[in-house]
2 protein chains.
Amino acid sequence: MSLRYALLALLTVEPMTGYDLYKEFESSVGHVWHAPDSQIYPELRRMEKDGLLEGEEITWGQRGKKRQYHITEAGVEAFRTWMNGTLDYARVRDPAHLKAAYLEWAAPEAAREQMLAHIRHHTELLRQWHDKVREIEEGGSPMLNRRLAKAPVEQRRKTAAFKKFTYEGLIARAEQEIAWANRGLALIDELYAEPETADSGKS
Amino acid sequence: MSLRYALLALLTVEPMTGYDLYKEFESSVGHVWHAPDSQIYPELRRMEKDGLLEGEEITWGQRGKKRQYHITEAGVEAFRTWMNGTLDYARVRDPAHLKAAYLEWAAPEAAREQMLAHIRHHTELLRQWHDKVREIEEGGSPMLNRRLAKAPVEQRRKTAAFKKFTYEGLIARAEQEIAWANRGLALIDELYAEPETADSGKS
DNA sequence: CGGCACTACCTATGCGCATAGATAGATGAA
DNA sequence: TTCATCTATCTATGCGCATAGGTAGTGCCG
């Protein structure tokens, strides 16, 4: 049910079309929440029906049309309520750690490859998030700039600070995952090392 | 689709009933993968149909019956194949970080409460995982002991090591989340601090 | 012996999301 | 002017899972 609030968050800045929002989900917000267009368009219609948004037909070119949504007072209120409420945490369901727990079933090279894939995946995320933090620091994020421009002066520091805080958390997490996978590689090397001296210490 | 492999992992040790497996999902494996019984029972039937398991009616008391499943060769093969294959990582979808990114919309006390809830949640996980690691080190995990008893001698060190490695990763992750939330608390304090001296440094 | 917790299994509904399409107009480069 | 690419929206199917029930036998305590 977070999709709804991710959409509201974006629409607090300015009116947008479903396609605009979809594009944001492919880049900025997409770093914390992803959604395909096939989920976004119906949700926008539901949100309009629920009075959180209002849509408006915009002409586009000669014959083209698009539907631009702007947030209503009720929408702002719903978003604020969600922001002030508490989250319930989902039960753990983690394929990477599930596999790690039974890694003795994998061939040594396959086990190593799991760890390398884990590192590759999180290194790529890390790269994107670092870019994002740099963008925030340099003031080069269009969406954030529009948000800041619209916000009251005393709010701006907070807005930028919380964004940076968020990405720094994601970065720390990714770094942790990489460190873990590296420990995994070392462990695999150790466990599958050729025993040079044949003193299999039977305690 | 990981549920299937979590079930296979457990059934490599010994035959179990749906209820046995459900109990394991409430305790041991539940730390990396959770599933309700309403998902387990149908999946077991599908797995039997797919030839990965074979079920057997067991009498229980006077009139009682239960169905015990044991893994087939095909099941072992399927599990091994999964273990040797690669995982595809799901797109990021993280409610806690989504909220964190817009924390300026929350009241200061609510923002603080989010961070405290994050800390509480991960502290609780941490407690469970620490218990689990201690259990592994002390050899007090019945399921793991049966697994070790069944495994060839040269495998045992690996089995225990990968389990410990898994939990240590989860522990490091939880510690990271707690550290992040603590930085969040500090940030909130800083941003909402009463400006004692009114020198609002306008650069 | 009655009651209650536990074991054991099952069903139904609905949501969120992935995946894979389809349609149609706009825009710009070759 | 054609053709690819982008903008814009929509539909359909199916899986995984949450949630919330239901039934029936077992075992033990008081």
Side-chain angles (χ1 to χ4, degrees), chain A residues 1-8 10 15-27 29-30 32-50 53 55-69 82 87-95 98, chain B residues 1-8 10 15-27 29-30 32-50 53 55-69 82 87-95 98:
Chain A
M1 185 84 296
S2 293
L3 171 61
R4 169 162 298 207
Y5 299 99
L7 292 168
L8 285 176
L10 290 169
M16 297 175 99
T17 68
Y19 192 71
D20 292 336
L21 289 157
Y22 161 66
K23 286 278 135 180
E24 288 299 315
F25 274 84
E26 293 292 286
S27 55
V29 213
V32 286
W33 200 267
H34 173 258
D37 64 336
S38 62
Q39 207 189 348
I40 293 170
Y41 287 112
E43 182 63 23
L44 288 170
R45 273 182 266 126
R46 273 191 296 270
M47 287 164 78
E48 179 166 19
K49 214 185 62 202
D50 294 347
L53 304 181
E56 185 189 359
E57 287 291 316
I58 300 278
T59 59
W60 165 60
Q62 305 300 310
R63 266 168 303 268
K65 277 167 191 241
K66 55 183 178 177
R67 190 162 186 82
Q68 195 175 55
Y69 292 95
W82 183 70
L87 226 57
D88 34 318
Y89 289 82
R91 304 289 298 263
V92 182
R93 199 169 272 117
D94 184 334
L98 173 61
Chain B
M1 183 86 295
S2 292
L3 170 62
R4 169 163 296 206
Y5 300 100
L7 292 168
L8 286 176
L10 290 169
M16 297 173 100
T17 68
Y19 192 72
D20 292 336
L21 288 158
Y22 161 66
K23 286 276 135 182
E24 288 300 315
F25 274 84
E26 293 292 286
S27 55
V29 213
V32 286
W33 200 268
H34 173 257
D37 64 337
S38 63
Q39 205 190 348
I40 293 171
Y41 288 113
E43 182 62 24
L44 288 171
R45 273 182 266 127
R46 273 192 296 272
M47 289 164 77
E48 180 165 20
K49 214 184 63 202
D50 294 347
L53 304 181
E56 184 189 0
E57 289 289 317
I58 300 277
T59 58
W60 165 63
Q62 304 301 310
R63 267 167 302 267
K65 279 170 189 234
K66 55 182 179 176
R67 189 160 186 84
Q68 195 175 55
Y69 292 94
W82 182 70
L87 225 57
D88 35 318
Y89 288 82
R91 303 289 299 263
V92 182
R93 199 169 271 118
D94 184 333
L98 173 61

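Per chain, numbering begins at 1; letters A, B, ... match sequence-line order.
At a threshold of 4.5 Å between non-hydrogen side-chain atoms, the residues B:Gln68 and B:Glu57 do not count as touching. Between B:Trp33 and B:Ser2, some side-chain heavy-atom pair lies under the 4.5 Å cut-off. Within the 4.5 Å cutoff, side-chain heavy atoms of B:Glu48 are placed close to those of B:Arg67. For the pair B:Met47 and B:Leu7, the minimum side-chain heavy-atom distance is below 4.5 Å. Taking the side chain as every heavy atom from C-beta outward, B:Ile58 and B:Lys65 never approach each other to under 4.5 Å. Contact of the A:Leu53 side chain with the A:Leu8 side chain is registered, since non-hydrogen atoms from C-beta on lie closer than 4.5 Å.
When rounded to the nearest whole Å, the span between CE of B:Met16 and P of C:dA8 equals 11 Å. A:Lys65 has its NZ atom 16 Å from the C1' atom of C:dT23, to the nearest Å. At whole-Å resolution of the value, OH in B:Tyr22 and C1' in C:dC10 are 14 Å apart. Going from atom CD1 of B:Ile58 over to atom P of C:dT7 covers 17 Å, rounded to whole Å. Between A:Lys66 atom NZ and D:dC10 atom P the separation is 14 Å, expressed in whole Å. For B:Asp37 and D:dC17, the CG to P distance is 14 Å, given to the nearest whole Å. For the pair A:Phe25 CZ and D:dT7 P, the interatomic distance rounds to 17 Å; values are reported in whole Å. The distance between atom CZ of B:Arg4 and atom C1' of D:dC17, rounded to the nearest whole Å, is 16 Å.
The phosphate of C:dA8 has neither OP1 nor OP2 within less than 4.0 Å of any side-chain N or O from B:Arg67. For the pair A:Arg91 and D:dG16, the criterion of a side-chain N or O lying under 4.0 Å from OP1 or OP2 is not met. Using a 4.0 Å cut-off, no side-chain N or O of B:Tyr19 falls inside it from OP1 or OP2 of C:dC9.
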Please list each protein N or O that sits under 3.5 Å from an N or O in nucleotides 26-30 of chain D, with the distance.
unit_1: D:dT26; atom_1: OP1; unit_2: B:Trp60; atom_2: O; d: 3.4
unit_1: D:dT26; atom_1: OP1; unit_2: B:Gln62; atom_2: N; d: 2.6
unit_1: D:dT26; atom_1: OP1; unit_2: B:Arg63; atom_2: N; d: 2.6
unit_1: D:dT26; atom_1: OP1; unit_2: B:Gly64; atom_2: N; d: 3.0

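B:Asp20 contributes a side-chain N or O that, together with a main-chain N or O of B:Thr17, makes up a donor-acceptor pair within less than 3.5 Å. Looking only at distances, a side-chain donor or acceptor of B:Arg93 sits under 3.5 Å from a matching main-chain atom of A:His34.
Projected onto DNA chain C by closest heavy-atom contact, B:Tyr69 and A:His34 fall at different nucleotides, the more 5' of which corresponds to B:Tyr69. Map A:Thr17 and B:Ala35 each onto its nearest nucleotide of DNA chain D; the residue landing nearer the 5' end is A:Thr17.
A salt bridge links A:Arg46 with A:Glu43: at least one charged nitrogen is closer than 4.0 Å to a carboxylate oxygen.
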Inset, instruction - List the steps, then state whether side-chain contact (heavy atoms from CB on, under 4.5 Å) holds for B:Arg45 with B:Tyr69. - result: CA-CA 10 Å; B:Arg45 273 182 266 127; B:Tyr69 292 94; 4.1 Å; yes
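To the nearest 0.5 angstrom, B:Glu26 atom CD is 8.5 Å from B:Asp37 atom CG. Rounding to the nearest 0.5 Å places CG of A:Leu44 at 7.0 Å from CD1 of A:Ile40.
One axis for each end of the helix from C:dC1-D:dG30 to C:dA30-D:dT1, each built from five base pairs, and the angle between them comes to 10° at 10° resolution.
Within a heavy-atom distance below 4.0 Å of DNA chain D, the residues of residues 38-47 of chain B found are B:Ser38, B:Gln39.
Taking every side-chain heavy atom of A:Lys23 into account, D:dT7 is the closest of D:dT9, C:dA8, D:dT7. Comparing C:dA18, D:dT9, D:dC17 by their nearest atom to the side chain of A:Pro36 picks out C:dA18.
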